[in-house]
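Below you'll find the structure, written out as structure tokens, and then a few comments.
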Number of protein chains: 2
Amino acid sequence: MNEQFFFESLSDETRRRILVLILKHEELCVCELFQALDVPQPKVSRHLAVLREAVVLAQRREGLWVYYRINPLLPTWAYRTLEQMVQGCGDLELFLSDSKRLDEMPNRPVRCCA
Amino acid sequence: MNEQFFFESLSDETRRRILVLILKHEELCVCELFQALDVPQPKVSRHLAVLREAVVLAQRREGLWVYYRINPLLPTWAYRTLEQMVQGCGDLELFLSDSKRLDEMPNRPVRCCA
DNA sequence: TGATCATATCTGCCAAAGCGAATATAGTCT
DNA sequence: AGACTATATTCGCTTTGGCAGATATGATCA
């Protein structure tokens, strides 16, 4: 666990939006994320790559879909930091509308064995 | 409290070193900080300015010296985030040697009414 | 094998952030 | 006022980081 990468990964708003959504929903796939955030897919993929390289997120492939979740090996202090971030950001307008778009999204992929 | 500025302020290692020292010691002046970190004084002043503008630190002048402490108005979630940061970074070699240099520093300014 | 869908990476560009060195400001003391 | 000390800011430069748009990869199914 490299704290430099960890804190850098929190310094971007798009990445915080991704993390908050995943913390609220356990596990989400790329198509859910970029539609909830309403940003281009390559943009979300790049930020997911940053979060993967920082070992903050883990990924899992299921057919065509790739699901992202918080890395279960994240140290306790780092996980608690993420929880505090949700406290600080989760109720802001921008983050709430992400959740709303996700809830209203049609054709969300169905996990067969999540 | 702007979370963008808050998380950006944590994304730099020098600023984390400053924050960890201050969290461990309540209040420190600029000369203690730049000597403990063993970096040029203007560098520490620039980073302190970033932390001030992010409203993470508050300052207090006492004669020639300027003392910095955690902004007492910091929201709870942000303060807890800082505490988790100390958990994650405080025991790393780099941060420990900062503390050591501070302890061994001669002529530390004496607070008359801290 | 070729078509299709989901995701990832690359390219070229621009803006922001960090640095060292020099300089400015602000307070204190004689 | 002038000298001195502590701290802050500016300047010129280089590096890094983010973006959009285009393209590549990888899995699935006909």
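Proteins come first, then strands; the chains are lettered A, B, ... in the order of their sequence lines, and each starts at number 1.
Look at B:Gln59 and you'll find a side-chain N or O under 4.0 angstrom from OP1 or OP2 of D:dA8. Phosphate proximity of C:dA8 to A:Tyr68: present, with a side-chain N or O under 4.0 Å from OP1 or OP2. Between A:His47 and D:dG17 there is no side-chain polar atom (N or O) within less than 4.0 angstrom of OP1 or OP2.
One hydrophobic cluster, built from ILVMFWY side chains closer than 4.5 Å, cannot hold both A:Ile22 and A:Phe5; they sit in different ones. Cluster membership for A:Ile70 and A:Leu21, using ILVMFWY side-chain heavy atoms within less than 4.5 angstrom, is shared. Linking Ile, Leu, Val, Met, Phe, Trp and Tyr whenever their side-chain heavy atoms come within less than 4.5 Å leaves A:Val50 and A:Val66 in two separate clusters. Linking Ile, Leu, Val, Met, Phe, Trp and Tyr residues whenever their side-chain heavy atoms come within less than 4.5 Å places B:Leu23 and B:Met1 in a single cluster.
Put simply, CG on B:Leu48 is 16 Å from C1' on C:dC19, counting in whole angstrom units. At whole-Å resolution of the value, CG in A:Leu33 and C1' in C:dA8 are 14 Å apart. At whole-Å resolution of the value, CD in B:Glu32 and C1' in D:dT7 are 14 Å apart. Going from atom CZ of A:Phe7 over to atom P of D:dG17 covers 17 Å, rounded to whole Å. One can place CH2 of A:Trp65 at 12 Å from C1' of C:dT4, the figure rounded to the nearest angstrom. Atom pair A:Glu13:CD and D:dG17:P shows a separation of 18 Å (rounding to whole Å applied). Separating the CZ atom of A:Arg60 from the P atom of C:dT7 is a distance of 12 Å, rounded to the nearest angstrom. The CG atom of A:Leu64 sits 7 Å away from the P atom of C:dA6 (whole-angstrom rounding).
Residue B:Arg52 places its side chain closer to D:dT9 than to any other of C:dG20, D:dT7, D:dT9. Across C:dT7, D:dG18, D:dA8, the shortest atom-to-atom separation from the side chain of A:Arg15 is found for D:dG18. Side chain of A:Gln41, nearest nucleotide from D:dA8, C:dA8, C:dG18: C:dA8.
Both B:Arg61 and B:Pro42 lie near DNA chain C, and the one whose nearest nucleotide falls closer to the 5' end is B:Pro42. Taking the nucleotide of DNA chain C with the nearest heavy atom to each of B:Arg46 and A:Val66, the more 5' of the two is matched to A:Val66.
In the interface, the side chain of B:Glu8 is not paired with the base of C:dA17 through any donor and acceptor atom under 3.5 Å apart.
As judged by a 4.0 angstrom heavy-atom cut-off over every strand, A:Phe34 is placed among residues making no nucleic acid contact.
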Please walk me through it: do B:Trp77 and B:Glu3 pass side chain to side chain contact (heavy atoms under 4.5 Å, CB included)? CA-CA 11 Å; B:Trp77 68 267; B:Glu3 352 76 58; 4.2 Å; yes
